[in-house]
Amino acid sequence: MRATQFYTPTLRQAPAEAEIASHRLLLRGGFIRPLAAGIFSFEPLGLRVLRKIENIIRSEMNAAGALEVLLPVLNPRELWERSGRWATFQPEPFKLQDKSGREFCLGPTHEEAITDLVARDVNSYRQLPLTLYQIQVKFRDEMRPRGGLIRVKEFLMKDAYSFDVDEAGLDRSYEAMYHAYVRIFERLKLPVMIVEAEAGSIGGHETREFMLLCEAGEDTVFSCDNCDYASNAECATSRPPQPRADTPAPGAPQLVPTPGAATIEAVSQFLNVAPSQLVKTLLYKADAQFVAALVRGDRELNETKLQRALRVSELRMATAEEVQQLSGAAVGFAGPVGLPDSVKVIADHEIHAMGDFVVGANQDDAHLVGVEVGRDFQVDTWADLRMVADGDPCPRCATGRLRAHRAIELGHVFKLGTSYAQSLGALYLDEDGNRHPMVMGCYGIGVSRCMAAVVEQYHDENGIIWPMSVAPFQVVILLLDPNDSALAELADTLAGQLQAQGLEVLIDDRDERPGPKFKDADLIGYPLHVVLGKKAATEGLVEVRRRCDAAEKVVPTDQVVSTVLELAEDAV
RNA sequence: CGGGGCGUGGCGCAGCUUGGUUAGCGCGUUUGACUGGGGGUCAAAAGGUCGCCGGUUCAAAUCCGGCCGCCCCGACCA
């Protein structure tokens, strides 16, 4: 391919809107262009990369025995009503009507469509297991798109769904997908961390996320510095401290005035005690009941954990009026001592290790000091309720500490169970003629997001450094003087020889001076650069350079191909 | 949706505080010439309803109000 017949609209300066590296460099390099907030076009270069990523994913899916399908973007409302997600899916899907008023949504995910497809044609255990996948655009009305391709309203996703007769079958399908994912990210050269994750609302279990540690990411993960424990912050746990061995001395808490001090920080300052000596009391409405959730003052409550611990389906914070009613005080002064019996008290394990602490007094502008669990109030349930913090002890090994990292979520594997199969009628008959719902798993990879992730992982101040496996072209031939017809001919010859070796080659034959050609080659990030300049014309010497580490060799023309192959060996 | 920032030729910006000629600069683009190893030089040229609507004023890029768009920070997810 010749640059004069291709299209590489690079930008000398990055558009002001781009902040993170991948966004900036993908724009500058002419890979993507914005159409609106969170909506991007892919230029020829960008599409080539996207297709490379797709094909890696496709080949590993196929190798794992999955079959490719293509489901409609347009999903009828009735289908989503059957799964119960028409009204509840978050963020709310894009919804539209045809001219006769039938309602549709633009598929934000395809459990409904795939389950319906399978339900129509699969009836027997003999047809299972079955894993289907597609690589297709998804639409999500994100509250806020951000970071170029990191979070967008329209994106390319690989989504796979497995159907099995039982849990054991699901385990096998899940394993196959899991290992395919490991290979996919190896081939994409993305060193992912596989972390435990929250299963989500639809009765799933056993879920792992494939995360790239990266400051531009939106997630926080915790990993142990000693063992292999790793978890998304949303469900990370830490080893609870030993409960206190001694029993508190007899006595009673003291009421102290704390006018206007309605936050942990304010109380801590006012009483001159550390936030870790306070206990935060948070009132929630859990289904029909009110609960008081207790965490140490310097900790953050994890609502998902609270919901799980309580085994309720609906959980929300109590309103200011409800707080007033239950505690007899304004928000900020609730405490576990003297709450109505109807309010269940659930406390984080850490409270067990505390003594002589401070809580709200359940009256305006006052707190209790010198409070003791067991003596002054009772806890109904002990549970892990708090967000893990950097430096917490590992829940799995004896000595490790948990470390927080920012990360981009690239893939998610997930055992779904039978909920969709049941609601959408994906049933099969077993050997004995009994009808059962299929047991499902689902497996997603953000394809366009992976493209951004690769750039985040592989770039320098000059531009992108594409791994060989996803580069738009693996080799660029820089024809420094396009008017030198002998060199132009040499470029064609070399390109042909390199292509015969299975490499994709772009000849930069634009009528530009050398400067812009070098700059663009670095910016666009071709892994290997072949430079045809004065030395080639006069001495027959060609420079071959590797983008990732600037390794460089000057060789006679007949050794160019072997040198390129040699340098390619150790390219990213 | 809450908070913050921005909106001026394709890109990056200045001008706005203190209203007043023909709205500037760098880059890019076009044409010609030279040049040809890290964004080159010279010459000529094209390209702008200053985001939109309204208001104040003799006069608005500039002041006021509303709206729209884009980016960043928070609640969701691949």
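Only a predicted model underlies this, so the values are computations on that prediction, with no experimental measurement involved. Computed from heavy atoms alone, side chains included, the values below leave out hydrogens, waters and symmetry copies. Below, read A as the first sequence line, B as the second, and so on, with proteins coming before strands; counting in each chain starts at 1.
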Students often get this wrong, so: under 4.0 angstrom with heavy atoms, is [X] touching a base, only sugar-phosphate, or nothing?
| X | answer |
| --- | --- |
| Glu19(A) | sugar-phosphate |
| Gly446(A) | base |
| Leu410(A) | sugar-phosphate |
| Val413(A) | nothing |
| Arg33(A) | nothing |
| Arg140(A) | base |
| Gly147(A) | sugar-phosphate |
| Gly533(A) | base |

The side chain of [X] is closest to which nucleotide in this list: [options]?
| X | options | result |
| --- | --- | --- |
| Ala37(A) | C71(B), G37(B), G38(B) | C71(B) |
| Asp511(A) | G38(B), G36(B), C77(B) | G36(B) |
| Pro482(A) | C76(B), A78(B), G36(B) | G36(B) |
| Lys534(A) | G37(B), A78(B), C73(B) | G37(B) |
| Ala36(A) | A78(B), G38(B), C70(B) | C70(B) |
| Arg449(A) | C77(B), G37(B), C70(B) | C77(B) |

| request: Between Met143(A) and Val447(A), just flag the one whose closest nucleotide in RNA chain B comes earlier from the 5' side. | output: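 Looking at the nearest nucleotide for each, Met143(A) comes out on the 5' side.
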| task | Any pair with a residue in residues 5-29 of chain A that passes ring pair (Phe, Tyr, Trp, His ring centres under 6.0 Å), sequence neighbours left out, goes on the list, sorted by first then second residue, please. | result |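 Pairs touching residues 5-29 of chain A that pass the test: Phe6(A)-Phe473(A), His23(A)-Phe40(A).
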For the [atom1] atoms, the ones on [N] and on [M], what distance do you get once it is rounded to whole angstrom?
| N | M | atom1 | answer |
| --- | --- | --- | --- |
| U17(B) | A60(B) | P | 14 Å |
| U62(B) | G15(B) | P | 15 Å |
| A14(B) | G48(B) | C1' | 15 Å |
| G19(B) | U49(B) | P | 26 Å |
| A61(B) | U18(B) | C1' | 15 Å |
| C1(B) | C76(B) | C1' | 13 Å |

Decide, yes or no, whether a salt bridge links [X] with [Y] under the criterion of side-chain N to carboxylate O below 4.0 Å.
| X | Y | value |
| --- | --- | --- |
| Glu314(A) | Arg316(A) | no |
| Lys153(A) | Glu142(A) | no |
| Arg547(A) | Asp460(A) | yes |

Can you name the side chain to side chain contact (heavy atoms under 4.5 Å, CB included) partners of [X], sequence neighbours left out?
| X | value |
| --- | --- |
| Arg406(A) | Glu215(A), Thr220(A) |
| Ala266(A) | Ala261(A), Thr263(A) |
| Ser223(A) | Met193(A), Ala230(A), His405(A) |

Once you round it to whole Å, what is the distance between [atom2] of [N] and [atom1] of [X]?
| X | N | atom1 | atom2 | result |
| --- | --- | --- | --- | --- |
| Asp219(A) | G74(B) | CG | P | 12 Å |
| Asn483(A) | G36(B) | CG | P | 10 Å |
| Leu532(A) | G36(B) | CG | P | 17 Å |
| Ile150(A) | C72(B) | CD1 | P | 11 Å |
| Leu315(A) | A75(B) | CG | C1' | 15 Å |
| Asp481(A) | G40(B) | CG | P | 17 Å |
| Glu154(A) | A78(B) | CD | C1' | 14 Å |
| Phe155(A) | C77(B) | CZ | C1' | 8 Å |

| query | Is there a residue in residues 520-531 of chain A whose heavy atoms reach under 4.0 Å of RNA chain B, and which residues are they? | reply |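 Asp520(A), Asp522(A), Val531(A), in order of number.
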| message | Among residues 56-69 of chain A, which ones have heavy-atom contacts with RNA chain B below 4.0 Å? | response |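 Close to the strand, none.
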| remark: In B/S/- notation (B base, S sugar-phosphate only, - none; protein heavy atoms under 4.0 Å), nucleotides 6-14 of chain B written 5' to 3' is -----BSS-
| query | Counting just side-chain N and O atoms, does Arg144(A) come under 4.0 Å of either OP1 or OP2 of G2(B)? | reply |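 Negative; the distance criterion is not met.
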Donor-acceptor pairs are to be reported for all side-chain atoms of residues 57-68 of chain A against protein atoms at under 3.5 Å, with residues two or more places apart or in another chain.
from	atom 1	to	atom 2	distance (Å)
Arg58(A)	NE	Glu68(A)	OE1	2.8
Arg58(A)	NE	Glu68(A)	OE2	3.3
Arg58(A)	NH1	Asn55(A)	OD1	2.8
Arg58(A)	NH2	Glu68(A)	OE2	3.0
Ser59(A)	OG	Asn55(A)	O	3.4
Ser59(A)	OG	Ile56(A)	O	3.1
Ser59(A)	OG	Arg187(A)	NH1	2.8
Glu60(A)	OE1	Arg183(A)	NE	2.9
Glu60(A)	OE2	Arg187(A)	NH1	2.9
Asn62(A)	OD1	Tyr133(A)	OH	2.7
Asn62(A)	ND2	Arg58(A)	O	3.4
Glu68(A)	OE1	Tyr133(A)	OH	3.4

Return a table of donor-acceptor pairs under 3.5 angstrom between the side chains of residues 530-539 of chain A and protein atoms on other chains or two or more places apart.
from	atom 1	to	atom 2	distance (Å)
Thr538(A)	OG1	Lys534(A)	O	2.9

| request: Kindly write out the residues that satisfy salt bridge (charged side-chain N to carboxylate O under 4.0 Å, His left out) with Glu103(A), not counting sequence neighbours, or none if the list is empty. | output: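 With neighbours one apart ignored, the set is Arg77(A).
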| Non-neighbouring partners of Asp484(A) that pass side-chain hydrogen bond (donor to acceptor under 3.5 Å, both in side chains), sequence neighbours left out |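 Checked Asp484(A) against side-chain hydrogen bond (donor to acceptor under 3.5 Å, both in side chains); zero matches.
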| Restricting to pairs with a member in residues 188-197 of chain A, which pass salt bridge (Lys or Arg N to Asp or Glu O under 4.0 Å), not counting sequence neighbours? |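 Salt bridge (Lys or Arg N to Asp or Glu O under 4.0 Å) check on residues 188-197 of chain A returns Glu196(A)-Arg396(A).
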| Going by atom types alone, do Gln134(A) and Asp159(A) pair a side-chain donor with an acceptor below 3.5 Å? |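 The answer is yes; a qualifying pair exists.
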| Distance-only donor-acceptor check, side chains Asp520(A) and Thr10(A), under 3.5 Å |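 The criterion, which ignores hydrogens and geometry beyond distance, is satisfied for Thr10(A) and Asp520(A).
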| Quick one: does Arg151(A) reach the base of C76(B) with a side-chain donor-acceptor pair under 3.5 Å? |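 Such a pair is found, so the answer is yes.
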| So does Glu512(A) reach the base of G36(B) with its side chain, donor to acceptor, closer than 3.5 Å? |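 Flag unset: no donor-acceptor pair detected.
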| message | Before we go on, tell me: are the rings of Tyr174(A) and Tyr181(A) under 6.0 Å apart, centre to centre? | response |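 Distance test on ring centres: not under 6.0 Å, no.
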